[in-house]
Amino acid sequence: MLRTFSKSLFSSSHRLLNLKPFPNPRIRRRSPFHHIISQMTTAASIKRVGTHNGSFHCDEALGCFMIRLTQKFSDAHIVRTRDPQVLESLDAVLDVGGVYDPIKDRYDHHQKGFEEVLGHGFNTKLSSAGLVYKHFGKEIIAKELQVDEDHPDVFRLFLAVYKSFMEAIDAIDNGINQYDTEQAPRYVNNTHLSSRVGKLNLDWTNPDQSSEKENEAFERAMALAGSEFLDCLRNLARSWLPARAIVIKCLEARFDVDPSGEIMVLNNFCPWKLHLFELEEEMKISPPIKYVLYQDDRSKSWRVQAVAVAPDRFENRKGLPSQWRGLRDEELSKESGIDGCVFVHMSGFIGGNHTYEGALAMAKAALRL
């Protein structure tokens with residue numbers, strides 16, 4: 001069965017075409033999904049993007065959202081069908097059809113022998129969303145930043161968005177475990193985006209299993225996945241990218257802080273952890289940073305934070321000394337021999353001092369102990 005829709009999700013330029021309004025305002029308007037292609041305009045400028053009907057997943061919902069952000073498919077109608085003849089007639093096809101051919105805008109990943117990855121150090125097999133992102137991601141990002149595609153920030157964000165958002169969707173859809181282990185997980189996580197999109201499918205207990213209801217659910221899935229994609233991109237552009245420039249300057253100044261080069265001071269607090277690991281590798285920094293100092297905006301006191309061994313690990317490269325842990329104020333100052341101490345966390349990952357000089361003294365002493 002053929003199912004199409006064209007309701008706007010992200011631009012006022014998207015509209016229903018060739019539809020007559022209901023004269024009685026009390027009569028509920030029909031769903032924007034339509035079953036017959038002949039009801040749609042035949043104008044050559046309107047593209048049609050196909051995906052399968054039936055149960056949906058996050059990858060095709062996000063892929064359909066993203067492809068409509070591009071110039072080529074900005075006014076595209078979404079056609080949900082498994083009919084090969086209909087799919088053949090469409091301008092682009094995602095997650096169905098058994099073909100990956102970017103020249104023909106075919107982006108399926110289920111066929112035998114498919115092993116496409118993003119590259120640039122990423123080796124996770126792509127889903128339909130990942131394929132759309134691979135071929136159109138830089139265009140979407142450049143449009144959001146209002147810069148040319150060859151601007152260096154576009155490529156940085158292209159990799160950052162994939163690492164922090166897209167890769168998990170590709171991996172989950174392709175059944176790739178997050179960890180190489182046969183042990184059962186310690187807890188269940190049904191709150192990630194792919195799970196939440198899956199829950200938007202019609203429940204089997206719902207008495208109305210019509211194509212209209214199914215398509216309404218898919219539209220909600222597109223909106224959910226798309227909004228979180230844009231939130232991720234915009235947050236990285238607004239916050240992550242400027243923070244990267246700050247961390248670079250602070251790393252370059254590390255020997256001015258301490259001759260060891262193992263203490264970094266953030267003159268302006270920003271999200272620094274992911275940048276630090278990436279930039280240490282990129283800048284070939286050795287020895288690695290052990291402690292980061294920054295001022296707490298609320299208390300105006302200074303923090304000394306131990307750097308973890310990896311972004312997703314709780315263990316530290318060198319935690320604050322065990323004899324300081326759990327102590328506060330005068331007791332801590334007496335034990336450490338440093339004035340102005342505020343606290344050291346029981347785990348040793350962070351401590352505080354009323355002054356910058358005190359926090360720096362704590363970090364220097366911790367390196368020696």
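Here, residue 1 is the first one in the sequence, and each next residue gets the next number.
- Tyr107 and Tyr100 have tilted rings, their planes meeting at an angle from 30° to 60° on a 0 to 90° scale.
- Within 6.0 Å of CD in Gln111 there are more than 12 heavy atoms belonging to other residues, nucleotides or ligands.
- Glu214 has a carboxylate O that lies under 4.0 Å from a charged side-chain N of Arg80, or vice versa, which qualifies the two as a salt bridge.
- Taking the six-membered ring for Trp and thresholds of 30 and 60 degrees, His120 and Phe158 have ring planes more than 60 degrees apart, a perpendicular arrangement.
- Within 6.0 Å of atom CD in Glu88, 12 or fewer heavy atoms from other residues, nucleotides or ligands are found, so the atom counts as exposed in its surroundings.
- Salt bridge present: Glu278 and Lys163 bring a charged side-chain N and a carboxylate O closer than 4.0 Å.
- The closest donor-acceptor contact from the side chain of Asn201 to the backbone of Phe56 lies under 3.5 Å.
- Other residues, nucleotides and ligands place no more than 12 heavy atoms under 6.0 Å from the CG atom of Asp339.
- A donor-acceptor pair under 3.5 Å is absent between the side-chain atoms of Arg68 and the main chain of Phe65, judged by distance alone.
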Fill in: Verdict with reasoning, Leu69 to Phe229, per side chain to side chain contact (heavy atoms under 4.5 Å, CB included)
CA-CA 12 Å; Leu69 294 175; Phe229 167 77; 4.2 Å; yes
Worksheet entry | side chain to side chain contact (heavy atoms under 4.5 Å, CB included) evaluation trace for Asp231 with Phe165 | CA-CA 10 Å; Asp231 284 347; Phe165 185 83; over 6 Å; no
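- Neither side chain, Ser301 nor Asp296, offers a donor N or O lying under 3.5 Å from an acceptor on the other.
- Nearest heavy-atom pair across Phe114 and Glu116 is CZ-CB, 3.4 Å.
- A salt bridge is absent between Glu282 and Arg156: the closest approach of a Lys/Arg side-chain nitrogen to an acidic carboxylate oxygen does not fall below 4.0 angstrom.
- Enclosure of atom NZ in Lys199 by more than 12 non-hydrogen atoms of other residues, nucleotides or ligands within 6.0 angstrom is indicated.
- The closest donor-acceptor contact from the side chain of Asp208 to the backbone of Ser210 lies under 3.5 Å.
- A distance-only check finds no donor-acceptor pair linking the side chain of Asp91 to the backbone of Lys47 [under 3.5 Å].
- Using modelled atom types, one side-chain atom of Arg317 and one backbone atom of Ile289 make a donor-acceptor pair closer than 3.5 Å.
- The main-chain N or O of Gln71 is found under 3.5 Å from a side-chain atom of Glu139 such that the two form a donor-acceptor pair.
- Residues Asp173 and His109 bring a donor and an acceptor atom of their side chains to less than 3.5 Å of each other.
- No donor-acceptor pair closer than 3.5 Å links the side chain of Tyr356 to the backbone N or O of Gln295.
- Judged purely by atom type and a 3.5 angstrom limit, Arg48 uses its side chain to pair as donor or acceptor with the backbone of Ser89.
- Nearest heavy atom pair, residue Pro321 against residue Arg325, reads O-CG, 3.4 Å.
- Across Leu293 and Ile263, no two heavy atoms sit closer than the pair CD1-CG2, 3.8 Å.
- In Lys284, the NZ atom is not crowded: 12 or fewer heavy atoms of neighbouring residues, nucleotides or ligands sit closer than 6.0 Å.
- Checking side-chain atoms of Ser227 against main-chain N and O of Leu224 turns up a donor-acceptor pair under 3.5 Å.
- Asp75 places no side-chain N or O within donor-acceptor distance of the main-chain N or O of Ile46, the cut-off being under 3.5 Å.
- With hydrogens and angles left out, the side-chain atoms of Glu60 and Thr51 include no donor and acceptor closer than 3.5 Å.
- Counted by atom type alone, Asp108 and His110 present one or more donor-acceptor pairs between their side chains at under 3.5 Å.
- When side chains are defined from C-beta on, Glu357 does not count as touching Leu360, because their heavy atoms never get closer than 4.5 Å.
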